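Encoded as structure tokens, the structure appears first; notes follow it.
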There are 2 protein chains.
Amino acid sequence: MSILRNIPSGGPNISSVPLRADKFGLSQPFLSVEDRHKLALIASLRHFNAGELICNEDDQATFIFNIASGVAKSYSFLPEGKEIIQGFFFANDLLGFMENGRYTNTVKAITPVVAFQFHVSALEALLRTEPDLQLQFLAKTCHELRLAQQHAIALSQQSAQKRLLMLLNLVRLHNEPQAQAARQIHLPMSRADIADYTGLAVETVSRNLHQLQRQGVIHLISPQCIEIADEHIFTAALAQES
Amino acid sequence: MSILRNIPSGGPNISSVPLRADKFGLSQPFLSVEDRHKLALIASLRHFNAGELICNEDDQATFIFNIASGVAKSYSFLPEGKEIIQGFFFANDLLGFMENGRYTNTVKAITPVVAFQFHVSALEALLRTEPDLQLQFLAKTCHELRLAQQHAIALSQQSAQKRLLMLLNLVRLHNEPQAQAARQIHLPMSRADIADYTGLAVETVSRNLHQLQRQGVIHLISPQCIEIADEHIFTAALAQES
DNA sequence: CGTGGAGTTGAACGATGTCAATCTTAGTGG
DNA sequence: CCACTAAGATTGACATCGTTCAACTCCACG
């Protein structure tokens, strides 16, 4: 496979959570070597610059994408002209969800993105012949559903602080291990993106981040880099009563 | 099949939207007779009273359910002890989504509910041997994801009125055709449920419904029954700028 | 050195949450 | 048949928090 030779990651991959509890515990969160190989056979590699559109809502859906590296945002437009960010896509995520053959969201690269692209028809044909692989896609979709529900939970929080803490916690899980060890959260997105995800105004985002700093929960190193002041205080603030 | 003989609906069924555009348009939103028959072979019928628990978050997931009639609500608990309603399930919906073998939501019947129940292991075995049927489940899950995203859109609305209008519109789609023709929306859920779904206080729900009435958008016939005063004004209010 | 975008800060208004009281309704039992 | 009860729904008064509008700072880039 020429594709497999050209990239370091070893081909398409999907991070997920298994539907059923494995007897080995949380095993098989990623595809097997065989499944990745089968996907590689129908994949081609794409590069997107930061800010570049990956797919557009309501457009005819011809490709499904699997991110190899980089971060993208999925968003829709509200009646008022504002936009809401539905979620962020990271490495090993799937994007290009569709209904009636049309994309249900607009997805734009936030950082430079490298992604595998599959023809919808080729992927569908593969999934029909590989039920086990299809189950992995089902599990991934269930996990996306779970993430969307957690987003709804974040949005239903009254306090701006908690909404922000939930976003920080979400982004944190996708940071490099060394960054996590240093209690640092690297935010690939702008304040406007955070505002659109949390349903707040940009000013409220800024104000409350600084308030969290005054309260000793976080430390604003730079606009894109936040340090957790105290692990214990941070998690306590996430689960707080008030 | 004894099950098929005992129920009028003709066995399990799944309402959905196809992933790909069919050459026949919006065809195949429901399962084929053959698929329903295969599901019936591994299904058993369950009855739930109004208010009865169908499945509980974090519990071992042994069954997946398919509603034949009635309405249920899916909810999670917020740190503050409040609860958020993630969505409502109607006839031909699937429920019992899981991760790591455990339910991700608590589901409770709002009205009396009749549902088919499938053993997870039996359903998984069936889906492995029937990739086409599995694709229907994948499409259904994608549609649930879409609904969760629309819920997030509703929650990100600043105005309480718009959140309520989006809920009314959602419920309306599941009403009986004759009710829709009469421009009536029958709400199976309580004001508290509406509040938990929209992220508002019960009082705010009540106040804004009455305000919508004063504005001539709807007419409150009874707490559980709302009439759309004018179709045009209603849809205009949904898409309004302000 | 100037420019523009992103981020921050300030002040005032307004919508919604909260607390509390009242009203309505369905179900119960005398 | 009627009164009682409890849960759901409504209404009022008030405080709070976030939005809005505006000005300002910071930094990268030419």
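Computed from a prediction, not measured in an experiment: that's the story for all the values here. Throughout, protein chains are lettered first and strands after them, A, B, ... in sequence-line order, and every chain is numbered starting at 1. These numbers come from the heavy atoms of this one structure, side chains and all, not from hydrogens, waters or symmetry mates.
- Counting to the nearest Å, the P atom of C/dG17 and the CG atom of B/Leu78 are 14 Å from each other.
- Annotation: cation-pi geometry satisfied between A/Lys73 and A/Tyr75 (NZ/CZ under 6.0 angstrom from ring centroid, within 45° of ring axis).
- Across the protein-nucleic acid pair, B/Gln213 atom CD and D/dA9 atom C1' stand 14 Å apart, rounded to whole Å.
- Salt bridge status for B/Asp93 with B/Lys140: present, with a side-chain N to carboxylate O gap under 4.0 Å.
- Here D/dA9 presents its C1' atom at 13 Å from CG of B/Asp193, a figure rounded to the nearest Å.
- The phosphate of C/dT25 has neither OP1 nor OP2 within less than 4.0 Å of any side-chain N or O from B/Gln224.
- Going from atom CG of A/Leu164 over to atom C1' of D/dC17 covers 14 Å, rounded to whole Å.
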Treat primed atoms plus P, OP1 and OP2 as sugar-phosphate and everything else as base, then score nucleotides 8-16 of chain C 5' to 3': B for base contact with protein heavy atoms under 4.0 Å, S for sugar-phosphate contact only, - for none.
SBBB----S
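- The closest side-chain heavy-atom distance from B/Leu238 to B/Met166 is below 4.5 Å.
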Is there a ring-ring contact (aromatic ring centres under 6.0 Å, His included) between B/His174 and B/Phe88 once you walk through the steps?
CA-CA 10 Å; B/His174 291 279; B/Phe88 298 100; 9.6 Å; no
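- Salt-bridge annotation for B/Glu80 and A/Lys162: present, with a side-chain N of the basic residue lying under 4.0 Å from a carboxylate O of the acidic one.
- Whole-Å rounding puts the A/Gln157 CD to D/dG18 C1' distance at 15 Å.
- Checking side-chain atoms of A/Asn105 against main-chain N and O of A/Gly96 turns up no donor-acceptor pair under 3.5 Å.
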